[in-house]
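In this text, all values refer to a predicted model and were calculated from it rather than measured experimentally. Letters A, B, ... are given to chains in the order of the sequence lines, protein chains preceding strands, and every chain is numbered from 1.
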2 protein chains.
Amino acid sequence: MALTPTDQLHFAWLARCFGKTDYLPLSPTDLAALSHAGSFIDKYQGTHLFREGEPAVHAYVIEKGEVELYRTINGIRRVVARAGEGNVLGDIAMFRSEPYISSARAIGPVSAFRFDRDKLMPVLIQHPVITLRWLVAGLGQLEATQRRVLRLMSRTVKEQVAELLIDEADDMGEVHLSQNTIATLLGASRQTVNEALSELRRDEAVETGYRHIRVKDATKLGMIASPQGTVRRVKAVSN
Amino acid sequence: MALTPTDQLHFAWLARCFGKTDYLPLSPTDLAALSHAGSFIDKYQGTHLFREGEPAVHAYVIEKGEVELYRTINGIRRVVARAGEGNVLGDIAMFRSEPYISSARAIGPVSAFRFDRDKLMPVLIQHPVITLRWLVAGLGQLEATQRRVLRLMSRTVKEQVAELLIDEADDMGEVHLSQNTIATLLGASRQTVNEALSELRRDEAVETGYRHIRVKDATKLGMIASPQGTVRRVKAVSN
DNA sequence: CCCATATAGTCGGGGAACCGACAGTTCTGA
DNA sequence: TCAGAACTGTCGGTTCCCCGACTATATGGG
């Protein structure tokens, strides 16, 4: 199979994504094999990569752009996570042959590599190194989710906002999220997030604007995010 | 390598654990390969399988008994999860070559199969089917964790307690956990859990005793756990 | 350029849950 | 058997946060 120069670039990028843990490098053979397992696609802003409940025949690796993962429970739409460059989506449902557990919507223009389930499985059987890498990547995501659970527990909204700002800030210390979006990401109300931001502004840690927050003092923000003085009593737990 | 009758039983059990998704059955060759990747061990009550921060050279599959996973943050000991028969522990850290992110303590007598990192990796490269199965198992855990995050958000302690009781109840509808343990599992205070249990008792859904709760009406409990009338307004989220 | 829409900012009421404290009960080991 | 430890049950004060309501400002399409 002949690869166009554009495809070469694509696969080089794909190797970077899976190579983040620099554990077992992907060989050129592996990359060529993956080209048979799916194809590159583009999505316009607002369109869905997949929807909750659909049979999961595809998994995606985001190449460019951001995707919003959300679930609808009792008519309540809840943003579960945001996925950016290098994130893998839908692999859980695809591997488990279950319906997608969440919907994925493109926040802006998105380029992605779409794996085809029926084509991918044989490739993975033939290329255990790729499978192992995928395993490591999936477990990394699991760890991140567990960390998120712990972050959510026993922390005020102000602390959570501070931490989220640190995570989402770009090189310039700028965050381009509406307060409403932040609130949904944290599972808090817009008003409380607004109040938290007001305090952070009073603390001279950030500046706020229309759909725009600038981190003035990342160190101070870090102090607020994980307060050290909050050492509560430890209750021993037996069964 | 000669397998003792006991080992045969062990491996049959191990196959069941990995085979829960009945996707790609493990072959006898696979089982034999796994026997080289580690060994069966027994742990007494209260002893640790591993501790937070230690280099992760082992992963465990629980064969019998229950294990408590906890982390210590700012001197606060937090139970992250409980693992029972068939659960895989420590694989995240082991595969990612990072220190264990939590401690694992045997709640009672525990039997487990302990994988040895250096022995396991070559086996996985040679047996992609096992790797794929492990991948599926890991992703299943990821899904469960994500579900847990969603369960935690926007639910009262009473609802959470009801759901936990359904999950943890045995065949007889009995739960053998102290209120303190339940509180820690849910990230709530003991008093609030006690209050929730009092209400559940008033609702005639459960009976309570010393380290002992009996589910009287599982249906009613389910209704309380996931209330249908709680349809709140949906705010659209754009970025 | 104007207006519908989206976002930001603020206030007050009310509810859920945390926390400390304390009394009563059950268990456990010496 | 007996004392200390662990567990349950309850109360009141306090904090945090959700929610509704309202105003002001920014954006973007026609």
Check the interface with nucleotides 10-16 of chain D: list each N/O to N/O pair with the protein under 3.5 Å, or write none.
from, atom 1, to, atom 2, distance (Å)
dT10(D), OP2, S198(B), OG, 3.4

Taking only N/O atoms, report every protein-nucleotides 25-30 of chain C pair under 3.5 Å with atom names and distance.
none

Side chain to side chain contact (heavy atoms under 4.5 Å, CB included) between L200(A) and I213(A), intermediate numbers included
CA-CA 11 Å; L200(A) 291 178; I213(A) 299 162; over 6 Å; no

Does the side chain to side chain contact (heavy atoms under 4.5 Å, CB included) test come out yes or no for F115(A) and D91(A), once each step is laid out?
CA-CA 9 Å; F115(A) 290 106; D91(A) 50 343; over 6 Å; no

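Mapping L197(A) and V193(B) onto DNA chain C by nearest heavy atom places L197(A) closer to the 5' end of the strand. Between S189(A) and Q179(B), the residue whose closest nucleotide on DNA chain D is further toward the 5' end is Q179(B).
Judged purely by distance below 3.5 Å, without hydrogens or angles, the side chains of T181(B) and T184(B) never pair a donor atom with an acceptor atom. S178(B) and R190(B) share no side-chain donor-acceptor pair at under 3.5 Å. Between the side chains of R201(B) and T208(B), at least one donor N or O lies within less than 3.5 Å of an accepting N or O.
T192(B) has no side-chain polar atom (N or O) that falls below the 4.0 Å cut-off from OP1 or OP2 of dA17(C).
The CG atom of L186(A) sits 15 Å away from the C1' atom of dC18(D) (whole-angstrom rounding). Put simply, CD on E207(B) is 16 Å from C1' on dT8(D), counting in whole angstrom units. In this structure, the CG atom of N180(B) is 14 Å from the C1' atom of dC18(C), given to the nearest Å. Per the geometry, CD1 belonging to I213(A) stands 8 Å off P belonging to dA8(C), to the nearest Å.
Judged by distance alone, with hydrogens and angles left aside, the side-chain atoms of K43(A) form a donor-acceptor pair with the main-chain N or O of H48(A) at under 3.5 Å.
Applying the ring pair (Phe, Tyr, Trp, His ring centres under 6.0 Å) rule to F50(B) yields the partners Y60(B), Y100(B); only residues at least two apart in sequence or on another chain are considered.
Between D203(B) and K158(B) a salt bridge is recorded (basic side-chain N to carboxylate O distance below 4.0 Å).
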